[in-house]
Amino acid sequence: MADLHAISQKWQKRWEEEKAFLTPNESPKPKYYCLEMFPYPSGYLHMGHVRNYSIGDAFARYKRMRGFNVLYPMGYDAFGLPAENAAIKQKVDPAAWTFKNIEGIKKQQKQMGLSYDWTREVQTCVPEYYQWNQWIFLKFFEKGLAYKKKGLVNFCPSCKTVLANEQVEEGKCWRCKSDVEKTDLEQWYFKITDYADELLADIDKLTEWPDRVKTMQRNWIGRKLWIDIDYEIEGTGKRVTVSTTRPDTNFGATFVVIAPEHSLLQEKVIPPNRRKDVEAYITAAKKKSAVEREAEGRKKTGVFTGLCCVNQLTGRKMPLWVADFVLTTVGTGVVVGVPGHDLRDFEFAKEFNLPIVRVVVGKDGDTSEITKKEQVQEEEGKMVNSGFLDGLDIHEATAKVMTFLEQKGWGKKTVRYRLRDWLVSRQRYWGTPIPVIYCETCGMVPVPEKDLPVVLPKDAEFTGEGNPLEKSHSFLHTKCPKCGGKSRRETDTMDTFVDSSWYFLRYCSPHDTKQPFDKTAVQKFMPVDQYIGGIEHAILHLLYARFFTKALRDLGMLEFDEPFTRLLTQGMVVKDGAKMSKSLGNVVDPGEIIAKMGPDTARVFILFTALPEKELEWSDTGVQGSYRFLNRVLRLAEEMPAFAPEKGSRENHILSKLHKTIKRVTEHIETFRLSLAIGALMELVNDLSKYAEKPVHEKTYRETVGALSVLLCPFAPHVAEEMWELLGREGLCSLASWPAFDESKIDLEAEAQEAMLDAVAGDIRRVLDLTKMAQPGKITLIVSPVWKYKLYGLLKQEMEKTRDMKQLISVCMDEKELRTHGQDIMKVIPAMVKEPARMPETLLTQGQELALLKSGAEHLLGLFKAKIIVESADESKEAKAKSASPSKPAIVIA
RNA sequence: GCGGGGAUGGCAGAGCGGUCAAAUGCGAUAGGUUCAGGGCCUAUUUCCUUAGUGGAUACGCAGGUUCGAAUCCUGCUCCCCGCACCA
């Protein structure tokens, strides 16, 4: 077995020496931007990374060989908590820790033989990069897209910082999984909600994104038409505004529920006799965390306020309750209870004995009183007991009652989003300082552009208590840019997702010192044609990057709306059914595989074993298989077979196979079915090995193996280069052009079948001759049922309609029929009928051609009112006797 | 609960109306190899039959459409993955 690791080192050195993969900004070739989500440098390369880069590199290499000027860069998302935690625990400088990790991961990436243009490397933790975060922040601030406000925020007690809504998963911190607390704090936000409509609408433009991701984003943005309805609170002169998306069921409303945190409850509206109970409930509810609420399940709690509202539609008095299942963050924080048609309302009504009214009859037709939760009809049905809405479908009813309520002045339609503004400030050190100063006299002052960057101080101390920036004197104290007076800096830093929201623009002009990116360069390379990364960023990063793109466009810096044209979300790498993790002990170190069996083995295994989107189950024997495969391929170039002087039918076969393979591999790479592309290569290798067992035509063999090495290059570039060299080819295989496939070569195989087809055609001719003199009912056609008749039904139908050959042909050639039955087949018919002996040039397989011939024969027989009997060949000894070749169908004229 | 995706040979995993007993890899069995082992090579790997050939079952279960279904339709069962007290 060859030393694939040594081979890889040899070629990596060559690539570097020859600067093989640099991307010029100016090039006559069309551009192609292929990008992988840049990694957080945690210190080691894991299989998920290897998979990500194997996919991306294969594609980038393929596009490069197709003649594109491929921008394929790499960088590091280098700010973040782990560095700071390391600083606290190990007393190291977060910067030093991060740079060390970057060097480690980069070394491994280089060992993989990835074809990045390393001169474009970007690191987000250096001032040369993050000053532009600050610059963009200032631009956003000027436009009102960055603002500070006090409000209920998510706080992670373990990370000691606030989190964006997108970073809270099931009430827990996305990074450390601690329970998130809700606290009232003043924080910085980006106004992503300004773009909610466009972010939603433009999802439709993302035709090459996975549906899953698009659905998740749509749901996250959550645009809905609501109606806010005002109810008078009896005897108080006050009003309460409920909000709902389902006013169709309003005739069934029997109570109103208000969230415990609602401001109305702070006004003195509660009757004195109820005040104590209500206040006790509110206090208890506020103490409960989101997780505690969840732990209680759906069990409903609540307290009656002693107040009532009146439903204008029915005149019904509706008691006003306080309950914690109603959330202040949704709608107006007050809901109208329709227990017949909302499960939560039903549970609440059951708990507190509130009346339940049916206003919808569902598909089940049940009109009885609603007493069980199975009867609660939420999704579909027709209105009943609802006055002017009766008989309408619930959706029609919704529209009608909304308009009605608005006309009456009782309600107001409102579009609401689930999406909230992006909370970007973090109380941590290792991030981009927010460029704002607080002056004792002038108040909040943004740092002037000329004073950027605001650099992280070196004198910070990492105690684990509080934000180190708050205690760094060199950082904290400064002069007011306006009045020169005493002032202090903002100590919050930016969410690291700010860094990753525009890094793909920076790659276009990575060394620009005057601006975040050069507009001309960006205009040239953007948008990213192919983006590859994990599904875990379906909302977070991908939504933020889309927002940034639109915001920067409105600042006049970009001229496109969406950053990523095509998105591939790769699947996870698992072992023994679980995600690889240190704690489970099922981690396979890529470095080890690379050292033992070479990077190409790892790459081919990963790409071959599963389609990129799917989960990949790690298998050590599978890795062995890939290793064997690469050795077999390499041997094709190492060990030349015996040569024969002449070309023969075997050459036809191998060339046909080669061109079929080129076609398949090309199509499979384009559609990211990389495992199938490699499978096709394996087939070719199998055929080549067989071919090489006997003496081969040298030129054909060398050409085929040469083409194979080019086809292999995206997946196993080092082995491909080695083969290329062994074959004595010039230059680098990586820079060779992608082979084109030749349809006529693919058809070569058909030639081999010619003799047999001639024989069949001969039979048809005999049928034709005989039918001329045959008496109706005297001709029997015996056909083996092995051959299936694609056109059987069609022709049989046509036989009944027409006796005219020309007419039949024109019917057969009808466009609709062509579409239905396939152009390739249909175009054969006229040629065959005209001159049955000569087979037309088509892409038909043997089976299709024979089927066609026979259906043609049957049709002709039909024209002469002959009798056709189709039966098994072996049922007729005569048939068997007359059949010259066993694989040929028997056509017998009796 | 809502939304999305699946169920194919011993395993993983293609195929998405006819060239399918079904790519490719793994595993298994037999044979070969200047072969210790390993590696490498060849053949076989649903069942029945044959000298070659052929036939019968098969692609979660039950129906349906079609000359023809792993592929299309309907129902069922089971699995996975997102979101979730969003009114």
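A note on names: the letters A, B, ... follow the listed sequences, proteins ahead of strands, and every chain is numbered from 1.
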Open item on the list: I need the CG-C1' distance between A:L676 and B:rG25, as an integer number of Å.
Closed with: 12 Å
Open item on the list: Below the 4.0 Å mark, does B:rG15 have OP1 or OP2 next to a side-chain nitrogen or oxygen of A:R673?
Closed with: yes
Task: Nearest-angstrom distance, P atom, B:rA69 to B:rC61 - done: 16 Å
Task: B:rG6 phosphate, OP1 or OP2, under 4.0 Å from A:K614 side-chain N/O - done: no
TODO: Taking atom types as modelled, find out whether A:T241 and A:D230 have a side-chain donor-acceptor pair closer than 3.5 angstrom.
DONE: yes
Open item on the list: With a 3.5 Å limit on both atom pairs, tell me what B:rA69 is paired to, counting Watson-Crick and G-U wobble, or say none.
Closed with: none
- [ ] State the pairing partner of B:rG39; accept Watson-Crick or G-U wobble contacts with both distances under 3.5 Å, and report none otherwise.
- [x] B:rU33
Open item on the list: Could you tell me how far apart A:L343 (CG) and B:rA84 (C1') are, to the nearest whole angstrom?
Closed with: 13 Å
TODO: Have a look at A:K690 and say if it touches a base, only the backbone sugar-phosphate, or nothing, with a 4.0 Å heavy-atom cut-off.
DONE: sugar-phosphate
Open item on the list: Just the rounded figure in Å: distance from C1' of B:rG5 to CG of A:L611.
Closed with: 14 Å
Task: Closest-nucleotide ordering on RNA chain B, the 5'-leading residue of A:R635 and A:W220 - done: A:R635
Task: Candidate nucleotides B:rC83, B:rA87, B:rU24, ranked by approach to the side chain of A:R418 - the nearest - done: B:rC83
- [ ] Looking at every strand, decide which applies to A:N631 at a 4.0 Å heavy-atom threshold: base, sugar-phosphate, or nothing.
- [x] nothing
- [ ] Quote, to the nearest angstrom, the P distance that separates B:rU65 from B:rG15.
- [x] 28 Å
Open item on the list: Taking the ring of A:Y231 and the ring of A:W410, is the distance between their centroids below 6.0 Å?
Closed with: no
Open item on the list: Using a 4.0 Å heavy-atom cut-off, does A:R632 contact any base of the nucleic acid, only the sugar-phosphate backbone, or nothing at all?
Closed with: sugar-phosphate
Task: Watson-Crick/G-U partner (both atom distances under 3.5 Å) of B:rA28 - done: B:rU44
Task: Parallel, tilted or perpendicular: ring planes of A:W618 versus A:F605, cut at 30 and 60 degrees - done: perpendicular
Open item on the list: Measure CD/A:Q624 against C1'/B:rG27 and give the value in whole Å, please.
Closed with: 14 Å
Open item on the list: My understanding is that a pair needs two contacts under 3.5 Å, Watson-Crick or G-U wobble. By that rule, which nucleotide pairs with B:rA84?
Closed with: none
TODO: In whole angstrom, give the distance that lies between atom CH2 of A:W618 and atom P of B:rA12.
DONE: 18 Å
TODO: In whole angstrom, give me the gap between the C1' atoms of B:rA22 and B:rG18.
DONE: 14 Å
Task: Heavy-atom donor-acceptor pair, A:E667 side chain to A:R673 backbone, under 3.5 Å - done: no
Open item on the list: Closest approach to the side chain of A:L327, judged atom by atom: which nucleotide of B:rG15, B:rA87, B:rC83 is it?
Closed with: B:rA87
Task: A:R664, nearest nucleotide to its side chain (from B:rC85, B:rA87, B:rA23) - done: B:rA23
Task: Closest listed nucleotide, where the reference is the side chain of A:M216 and the choices are B:rG82, B:rU42, B:rA87 - done: B:rG82
Task: P gap between B:rA43 and B:rC26, integer Å - done: 14 Å
- [ ] Using a heavy-atom cut-off of under 4.0 Å over every strand shown, decide if A:I678 touches base, sugar-phosphate, or nothing.
- [x] nothing
- [ ] Take atom P in B:rC48 and the same atom in B:rC41, then report the distance between them in whole Å.
- [x] 31 Å
Open item on the list: Using the C1' atom as the point on both nucleotides, what is the distance between B:rA23 and B:rG9, in whole Å?
Closed with: 13 Å
TODO: Have a look at A:G622 and say if it touches a base, only the backbone sugar-phosphate, or nothing, with a 4.0 Å heavy-atom cut-off.
DONE: nothing
Task: Nucleotide paired to B:rA51 in any strand shown, Watson-Crick or G-U, under 3.5 Å - done: none
Task: Spacing of A:M402 atom CE relative to B:rA87 atom P, expressed in whole Å - done: 11 Å
Task: Pair partner, B:rA7 [Watson-Crick or wobble, under 3.5 Å] - done: B:rU77
Open item on the list: Distance check, P atoms only: B:rC20 and B:rG13, in whole angstrom units.
Closed with: 23 Å
Open item on the list: Once you apply a heavy-atom cut-off of 4.0 Å, does A:T621 come out as touching a base, just sugar-phosphate, or nothing?
Closed with: sugar-phosphate
Open item on the list: Counting neighbours of NZ on A:K413 that are heavy atoms of other residues, nucleotides or ligands and sit closer than 6.0 Å, is the number greater than 12?
Closed with: yes
TODO: Could you tell me if the ring centre of A:F255 sits under 6.0 Å from that of A:W321?
DONE: no
- [ ] Would you indicate which nucleotide in B:rU24, B:rA87, B:rG82 comes nearest to any side-chain atom of A:N686?
- [x] B:rU24
Task: Length of the line joining A:R212:CZ and B:rC2:P, which is rounded to integer Å - done: 20 Å
TODO: Determine, step by step, whether A:K300 and A:E351 satisfy the salt bridge (Lys or Arg N to Asp or Glu O under 4.0 Å) criterion, reporting the C-alpha distance in whole Å, the side-chain angles of both residues, the deciding distance to 0.1 Å, and the verdict.
DONE: CA-CA 7 Å; A:K300 296 291 177 285; A:E351 190 67 34; over 6 Å; no
Open item on the list: Using whole Å, what does the distance between atom C1' of nucleotide B:rU24 and atom NZ of A:K657 come to?
Closed with: 11 Å
Open item on the list: Say we look at B:rG25 and B:rA14: how far apart would their C1' atoms be, to the nearest angstrom?
Closed with: 11 Å
TODO: Mark yes or no for a side-chain to base donor-acceptor pair under 3.5 Å between A:K300 and B:rC85, with no hydrogen or angle criteria applied.
DONE: yes
TODO: Assess whether one donor atom and one acceptor atom, taken from the side chain of A:R344 and the base of B:rA87, lie less than 3.5 Å apart.
DONE: yes
Open item on the list: Keeping A:R51 on the side-chain end and A:G571 on the backbone end, is there a donor-acceptor pair under 3.5 Å?
Closed with: yes
